[in-house]
Undergrad: 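Sharing a structure, written as C-alpha cells. Questions coming.
In the text below, chain A, chain B and the rest are named by the order of the sequence lines, each starting its count at 1.
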Number of protein chains: 2
Amino acid sequence: MSEKITIYDIAKKLNITAATVSRALNNSPKIKESTKQLVLEAASSMNYKQNKLALALKSGRSNNIGVIVPRVDSNFFASVIRGIEEELYPHGYQVIICQTHENPKRENENLYTLIDAQVDGILMSVTAVTNENDDAFQNVLEKNVPLIFFDRSKQINGVSSVTINDFKGGYIVTKQLINQGCRNIAHFSGDQSLEIFKNRFLGYKQALLDSGIPFNEKYVIQSKSSVEAGKNAINILLELETPPDAIFSSSDFAALGAIQELRDRNINIPQEFCVAGFSNEPFTKFMELSITSVDQSPLEMGKMSARVFLEQVGKTDTIKIEKKVVLAPELHIRKSTSRINS
Amino acid sequence: MSEKITIYDIAKKLNITAATVSRALNNSPKIKESTKQLVLEAASSMNYKQNKLALALKSGRSNNIGVIVPRVDSNFFASVIRGIEEELYPHGYQVIICQTHENPKRENENLYTLIDAQVDGILMSVTAVTNENDDAFQNVLEKNVPLIFFDRSKQINGVSSVTINDFKGGYIVTKQLINQGCRNIAHFSGDQSLEIFKNRFLGYKQALLDSGIPFNEKYVIQSKSSVEAGKNAINILLELETPPDAIFSSSDFAALGAIQELRDRNINIPQEFCVAGFSNEPFTKFMELSITSVDQSPLEMGKMSARVFLEQVGKTDTIKIEKKVVLAPELHIRKSTSRINS
DNA sequence: ATTAACTATGTAATCGATTACACGAAAGTA
DNA sequence: TACTTTCGTGTAATCGATTACATAGTTAAT
C-alpha cells in the first residue's frame, strides 16, 4: 500500500512549508524559480498526486457534473451522455450518471443527492411533469448550480434547455405521409404531459390541417415505447370503422410493433399502409423494410448541453442566463413510407 | 441564493458545539435523547444538508465509483452501466462514467483521474491489451482501490472479474451452424489480443474439431464491429476458391453487413448460407430475417460486477480477494440459422 | 543614511464534518 | 462520607489544500 503523499510530506522533505509547496505547484509568481524547480522535482519523485477532495472542499467546486436520464440503456440517452462526456472531458469534468426510471420520486432523490454531492452542474431530461418536484428544482437554483434540460424540458425561470423542434419533427414526418397519398393518418403519442410528445402531436395535427385533412381524435392513441404497445395500439385502430392507412408513431419501437402486426395481417407496407417512427433508433435503418424516422441528433444535443453548461458555470450571482437552444429535427425517409420508389 | 447551512450554524443556534451536533445527527448513543431531538428539529427547520465533500475528505471515501468503458453508446455497455447503477444506488454510491474510445492513452488518463478523484472502486472493461498501462493498474492496486473487470478482462493478480464464458459462446453457436448442415464455416473475429475475441475464436475452432471439420485459416477474418466491415469481410470470403457456407461473427453489426451483402448477391439465407452474430443486439431479433446471436446478459453482468465490488469494498489490507465470476452465454437461435423450420 | 518598495516565505485560518481525549456533574458503591 | 463509574458535552486535532496577512531580507529611491 503506497502512502498518500501530501504537500506536507514534500514540505518536510525540502524544509519549507506546505504553503510554499502549494504556491509552487500552482505556479504562483511570488515563488522563486529555483524553489519551484525543487518542489516540482520532489513532487514528481515522490509521486505526489493532488487530493481533489480537499481541493473541492476548499473551493466548493467538485469538478463533477450530474446527468439525470430516465434510463441509460436507450440509444438516445446513451448517445446524449456520450456527447456530454466528450465535450466536458477536456475541461476536467467528470460525469455522474443517475437514472429515474420515469419515477418522479427517483428524480427528486437524484436531484437532492447530486446537490449533496456538490456537483457543479446538472444536465437532465425530466421525467413525467408533475409539480411535486418543484421544491427540488428550486433547491438546485437556490444553490446556484447551473441546471440544463435536454430533450425533455420543463418551464422554469432561469433554466436553459437544449431540445429539438418536436413540433417541426411531427410536422415534416406527417407531411411525408401525406405526400405518399395517405389520408387517414393515425398517431401513437407518448405521455402528453411531456412537452416533446405534446409538440410532436401538435405538429402532426397542424400538418393535417394545412393539407385540408380533418383531424380525427380516434386516430390518436397514447402508447408506451415498446413493440408490444405498438401491436396493441394498431389492433385497436384496425377495429375502427374507417381504419387508418398510415401511422406516425412517437416511438420507433411502437412503430416496429405496428409493422410486425400489419405484416401478420398481410397488409402491404408501404403500398397499403405507411409507418413512420421517431428517434431514428439504429434498427430503423437496419431492417429489410427500413423505417422512416426523425433523427434527434442526440450526440450533438449532448455536446450542446455541455457547452451551455460551460458558458454558465462560474458566472454565478450575475444575471440569470436562460438560453434556449432548439436543434432541427432531420427526417430520414426510408422504405416504410416510400411508395413512389417501391 | 440560500446560505449553506453547516453543523456550526446549528450549534450556534442551540448554544452547543458542533461536535454535539455531529454526534446527534449520527445518532451517537452518548447523546441525550432530548438533545438529539432538538438538533434534529433544528437541522430540519434550517434545511441542513450534510456536505459530502467534507465527509469524503475526512473519511477518505467519496462514495463514488468509476466505470470505464470503450463507449457508452453501445447497447451492451449501456446495459452493463444500467445494471451497475441499479445495484449500487441503494448503497448510496454514485457512478462516474469514463470512455476510452479504445484508446490506451485515454484508459491510462481515466485510471489516474479516477484515483485522483478518490473513487472507492473502479469497474471497467479494458481496451486493447498492451502493457503500457500496467503502471496505472498497479497504481490502483497500491491505493487499495477495488478494481473489477467486466467482459473484457486482463490477467492481473488480485483483480476480480465478471465475464461470460466466451469459449462456450463461440462453441455453441458454431455447433448450431454445424447442426444446420454447414461445413465451411467462417469466422469474423475481433482483435484477438483481447481475451474475449480470442476465446470465442477458440470455441469456434474446438467446435469444428469436435465435429471432425478441418479448421481453415483462410476462413478467419479480423474485422471491426461495423456493418461496413462485415460487408468487406464477406466479399473477401466469397472470392475464395471454396467460399464458406456460414459465418459466425463476433459482432452482430458485422453479421448484419454480411447478410446485406449476401442478399444483394441473391444468396438465400439460411438455406444456402447461415449467419450468426454475438452480443444479441436489439436489432437482431427485430429484423424480418432475425439473426441468431449469443446473449451476454449485460444487465446481469453489471449487477454482478457491482456485487463483487460491494463484497470487496472496506475489506482493505486483508487478504486480496480475487473473485472470478463467469456467466453462461445464451444462444438465441433465430431465422438466420434455422434451416429446419424454414 | 534613512525610508520606501518589493520579494520570497512563513503563520495561521478556512472549507465542514468527525472523533480521540478531557472534564464536570450526576449517580452508584463501599 | 468518600470514591468510582457513567453520562453528556466540550476542546481541539484531523483530513489536504488554499490563501489573506504578516514578516524578514533585499533592493531601490530620496
Undergrad: Counting only non-hydrogen atoms, which of residues 35-50 of chain B are less than 4.0 Å from DNA chain C?
TA: B/Tyr48, B/Lys49, B/Gln50
Undergrad: Which part of the nucleic acid does B/Thr17 contact within heavy-atom distance under 4.0 Å: base, sugar-phosphate only, or nothing?
TA: base
Undergrad: In chain order, what residues pass the side chain to side chain contact (heavy atoms under 4.5 Å, CB included) check against A/Val326, with sequence neighbours excluded?
TA: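 Applying side chain to side chain contact (heavy atoms under 4.5 Å, CB included) to A/Val326 gives A/Thr163, A/Asn165.
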Undergrad: Any idea which heavy atoms bring B/Asn133 and B/Pro104 closest together, and the distance?
TA: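 The answer is ND2-O, 2.9 Å.
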Undergrad: Could you tell me whether the side chain of A/Ile31 reaches within less than 4.5 Å of the side chain of A/Ser28, counting heavy atoms only?
TA: yes
Undergrad: B/Thr127 and side chain to side chain donor-acceptor pair (under 3.5 Å): which single residue from B/Arg106, B/Glu102, B/Gln99, B/Glu107 fits?
TA: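 Among B/Arg106, B/Glu102, B/Gln99, B/Glu107, the one that satisfies the side chain to side chain donor-acceptor pair (under 3.5 Å) with B/Thr127 is B/Glu102.
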Undergrad: On DNA chain D, does the nearest nucleotide to B/Ser59 precede the nearest nucleotide to B/Ala18 from the 5' side, or the other way round? Give the residue.
TA: B/Ala18
Undergrad: Under 4.0 angstrom, heavy atoms only, what part of the nucleic acid is A/Ser22 near: base, sugar-phosphate, or nothing?
TA: base
Undergrad: How would you list, by chain and number, every residue that makes a side chain to side chain contact (heavy atoms under 4.5 Å, CB included) with A/Lys12, sequence neighbours excluded?
TA: none
Undergrad: NA contact type, A/Lys58, heavy-atom cut-off 4.0 Å: base, sugar-phosphate, or nothing?
TA: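 Base, at least one base heavy atom under 4.0 Å.
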Undergrad: Could you pull out the closest heavy-atom pair between B/Leu88 and B/Ala306, with the gap in Å?
TA: CD1-CB, 3.5 Å
Undergrad: Going by atom type alone, with no hydrogens or angles, which donor-acceptor pairs under 3.5 Å involve a side-chain atom of residues 51-63 of chain A and a protein atom two or more places apart or on another chain?
TA:
unit_1  : atom_1 : unit_2   : atom_2 : d
A/Asn51 : OD1    : A/Leu53  : N      : 2.8
A/Asn51 : OD1    : A/Ala54  : N      : 3.2
A/Lys52 : NZ     : A/Gln50  : OE1    : 3.4
A/Ser59 : OG     : A/Leu55  : O      : 2.9
A/Ser59 : OG     : A/Arg61  : N      : 3.1
A/Ser59 : OG     : A/Arg61  : O      : 3.4
A/Ser62 : OG     : A/Asn64  : N      : 3.2
A/Ser62 : OG     : A/Gln118 : O      : 2.7

Undergrad: Just grab all the ring-ring contact (aromatic ring centres under 6.0 Å, His included) pairs involving residues 80-132 of chain B, residues at least two apart or on different chains.
TA: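 Applying ring-ring contact (aromatic ring centres under 6.0 Å, His included) to every pair that reaches into residues 80-132 of chain B, excluding sequence neighbours, yields B/Tyr93-B/Phe309.
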Undergrad: Does A/Ile16 or B/Leu25 map to a spot on DNA chain C nearer the 5' end, using the closest nucleotide for each?
TA: A/Ile16
Undergrad: Verify side-chain contact (heavy atoms from CB on, under 4.5 Å) between B/Gln312 and B/Ser160, making sure each step is shown before the conclusion.
TA: CA-CA 9 Å; B/Gln312 304 207 177; B/Ser160 296; 2.6 Å; yes
Undergrad: Quick one: which residue pairs count as a ring-ring contact (aromatic ring centres under 6.0 Å, His included) with a foot in residues 34-84 of chain A, not counting sequence neighbours?
TA: none
Undergrad: If you look at every strand shown and take non-hydrogen atoms under 4.0 Å, does B/Thr6 touch a base, only sugar-phosphate, or nothing?
TA: sugar-phosphate
Undergrad: Would you list the pairs meeting ring-ring contact (aromatic ring centres under 6.0 Å, His included) in which at least one residue belongs to residues 130-161 of chain A, sequence neighbours left out?
TA: A/Phe137-A/Phe149
Undergrad: For the helix from C/dA1-D/dT30 to C/dA30-D/dT1, what is the angle between the axes at its two ends, each from 5 pairs, rounded to 10°?
TA: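 About 60°, once rounded to a multiple of 10°.
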Undergrad: So, using side chain to side chain contact (heavy atoms under 4.5 Å, CB included) as the criterion, who are the partners of B/Ile68 when residues are at least two apart?
TA: B/Cys98, B/Thr100, B/Asn110, B/Leu111, B/Leu114, B/Ile122, B/Met124
Undergrad: Chain B on DNA chain C: first and last contacting nucleotide, 5' to 3', under 4.0 Å to a heavy atom?
TA: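 On DNA chain C, the outermost contacted nucleotides are C/dG16 to C/dA20.
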Undergrad: Quick one: label B/Ile7 by what it contacts on the DNA or RNA (base, sugar-phosphate, nothing), any heavy atom closer than 4.0 Å.
TA: base
Undergrad: Would you mind classifying the nucleic acid contact of B/Leu57 as base, sugar-phosphate or nothing, using non-hydrogen atoms under 4.0 angstrom?
TA: base
Undergrad: Output all residues satisfying side chain to side chain contact (heavy atoms under 4.5 Å, CB included) with A/Lys105, sequence neighbours left out; order by chain, then residue number.
TA: A/Asn103
Undergrad: Report, one pair per line, the protein and nucleotides 20-22 of chain D atoms (nitrogen or oxygen only) whose separation is under 3.5 Å.
TA:
unit_1 : atom_1 : unit_2  : atom_2 : d
D/dA20 : N6     : A/Arg23 : NH1    : 3.4

